[in-house]
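Let me begin by presenting the structure, written as structure tokens, before commenting on it.
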Amino acid sequence: MSLLFAMPLQLLAQVEQVGAEVLSSTEMPAPLIPEPEYITGKITEIESETEITDQVFGRQEHKIRFRVQFSAQGGDPAESVALEQTYDQNTPKELWPRKGKAFVFYKESLADQSHIYTLIDVQRLNHLPWIAFLVCLLLVLLGRWFGLKALLISSGMIAVFYLLHLLSLPWLVTALLTFATIVFLSALLTYGTGPRFVACLIAGLSGGVLSLFLVWLSSWFSISQPSVILHSGMILQMGAGLSYIAISTINAAHLSLRQEPSLKSATLFRKSFVGGQSAIEVVSTLYLIFALGQILATAYAQGNDPGRLEMEVLLTEMASLLFMLLGFVISLPLSAWIASHWLLRKRR
């Protein structure tokens with residue numbers, strides 16, 4: 001009998017001991033390590049510069065020791081820290097530390113409350129608000145309503161994109177909804193509400209569906225990867241280009257109807273198509289120049305050997321650009337057809 005009573009008492013003692021350990025662990029939690037963050041620091045002094053040779057790759061490197069002043073932030077006091085980083089010939093000169101210049105640092109906090117700082121970029125926000133204000137002012141003064149419309153469309157795009165980002169939606173969903181916002185705002189601010197607004201909205205969205213179908217079709221022929229467009233900012237650029245094409249064709253159709261109210265659908269389609277050709281010239285030229293410049297720079301930067309282009313990257317980006325421009329070109333007759341038929345139907 002004593003053995004039977006002793007076993008439950010022993011188990012009870014073990015449970016109490018485990019409970020005490022759990023309680024003590026909950027009462028004294030492990031210290032939390034703050035998440036890494038980006039902060040701004042100002043270079044106050046260059047302490048030393050040394051030329052070294054990388055023994056592994058055999059290249060010359062430049063080791064710089066400098067002192068950085070960080071302002072008080074997030075409960076941490078202001079501090080002056082001596083850092084040392086190594087730079088090589090491929091490092092952009094603007095990232096080399098210089099006395100009196102502000103840089104962005106990557107701050108990591110360790111368990112002992114110490115910090116590790118890494119210089120990653122130049123602080124570009126110092127004068128950016130004034131430059132943005134100057135750009136907006138000149139757009140409104142010189143462009144009048146057209147400049148203001150561009151600012152409103154851009155502001156609407158940023159606001160919608162930010163709100164969708166807060167909802168943690170997938171990138172593709174966020175990009176598609178932002179694309180629709182660009183088309184909607186472009187049509188609304190150009191025509192207000194009415195038949196032309198509806199025609200422009202239908203034409204822009206239809207052109208987007210057609211362009212995305214062509215992008216998807218490119219994977220069938222192993223020419224390009226749809227992710228190059230669908231998972232990048234190019235899908236947002238498509239919204240601006242397709243909206244401009246739709247607006248140009250609808251303007252041409254509307255002006256033709258005002259001059260000759262008795263036009264038939266075939267004649268109106270032809271006039272709308274011709275009126276939208278100038279939009280193809282503008283959009284194609286701008287996209288080719290800017291996109292090709294970006295593609296060449298990207299392919300050059302990703303090369304293992306400086307000055308040597310990586311043709312695989314170049315061809316993939318080029319194929320994606322060509323399919324996007326193909327969508328622009330094919331959207332021209334589509335927009336002209338929608339403009340002519342929709343405006344004629346609403347006129348009757």
Side-chain angles (χ1 to χ4, degrees), residues 143-157 160 173 175-217 229 235-287 323-348:
R144 301 298 176 90
W145 166 241
F146 298 100
L148 180 60
K149 186 173 71 172
L151 293 175
L152 292 174
I153 294 173
S154 302
S155 301
M157 181 196 72
V160 170
V173 177
L176 290 175
L177 292 177
T178 308
F179 169 86
T181 301
I182 296 172
V183 177
F184 174 83
L185 289 176
S186 299
L188 181 65
L189 294 174
T190 302
Y191 299 116
T193 57
R196 286 183 294 169
F197 160 73
V198 177
C200 187
L201 185 61
I202 295 174
L205 295 178
S206 300
V209 173
L210 177 61
S211 299
L212 293 177
F213 172 76
L214 292 173
V215 172
W216 171 75
L217 190 64
I229 289 181
I235 191 172
L236 302 181
Q237 299 172 16
M238 286 169 52
L242 292 171
S243 296
Y244 185 67
I245 294 171
I247 290 172
S248 299
T249 54
I250 289 166
N251 279 341
H254 176 70
L255 292 176
S256 298
L257 275 178
R258 289 183 59 182
Q259 295 173 358
E260 302 178 58
S262 60
L263 283 177
K264 302 296 183 182
S265 59
T267 306
L268 185 60
F269 168 80
R270 186 170 61 254
K271 289 181 176 293
S272 179
F273 180 85
V274 173
Q277 287 177 335
S278 60
I280 291 293
E281 176 189 1
V282 172
V283 171
S284 299
T285 303
L286 290 177
Y287 277 72
F323 270 95
M324 185 175 70
L325 293 177
L326 183 61
F328 286 168
V329 174
I330 298 179
S331 68
L332 173 59
L334 177 63
S335 297
W337 185 87
I338 292 173
S340 58
H341 284 72
W342 185 267
L343 294 182
L344 276 178
R345 192 178 75 172
K346 291 300 179 180
R347 193 177 184 87
R348 292 170 184 169

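None of the values given here were measured: they were computed from a predicted structure.
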**Study point:** Check: Tyr191 and Val198 side chains under 4.5 Å, non-hydrogen atoms
**Key:** no

Check your understanding: Who are the ring pair (Phe, Tyr, Trp, His ring centres under 6.0 Å) partners of Phe184, not counting sequence neighbours?
Key -> Phe197

Review point. Does some side-chain heavy atom of Lys149 sit less than 4.5 Å from a side-chain heavy atom of Thr190?
Key: yes

Practice item. Go through the steps for Asn251 and Ile247 under the test side chain to side chain contact (heavy atoms under 4.5 Å, CB included), then give the verdict. Key: CA-CA 6 Å; Asn251 279 341; Ile247 290 172; 3.6 Å; yes

Exercise for review: Flag the pair Trp145 / Leu148 as yes when at least one side-chain heavy-atom distance between them is below 4.5 Å, and no otherwise.
Suggested key: yes

Point to revise | Close side-chain approach of Leu212 to Met238, heavy-atom, < 4.5 Å | key: yes

Check your understanding: Ile250 versus Trp342: any side-chain heavy-atom pair under 4.5 Å?
Key -> no

Check your understanding: Taking it one step at a time, do Lys271 and Leu263 satisfy side chain to side chain contact (heavy atoms under 4.5 Å, CB included)?
Key -> CA-CA 10 Å; Lys271 289 181 176 293; Leu263 283 177; 4.0 Å; yes

Exercise for review: Look at the side chain of Thr249 and the backbone N and O of Ala246, then say whether any donor-acceptor pair between them is shorter than 3.5 Å.
Suggested key: yes

Exercise for review: Would you confirm whether Ser331, through its side chain, and Phe328, through its main-chain N or O, come within 3.5 Å as a donor-acceptor pair?
Suggested key: yes

Check your understanding: Okay, side chain of Ser340, backbone of Trp337: is any donor-acceptor separation there less than 3.5 Å?
Key -> yes

Check your understanding: Mind checking whether Leu257 and Leu268 have side chains closer than 4.5 Å, heavy atoms only?
Key -> yes

Check your understanding: Any side-chain heavy-atom pair from Met157 and Thr181 closer than 4.5 angstrom?
Key -> no

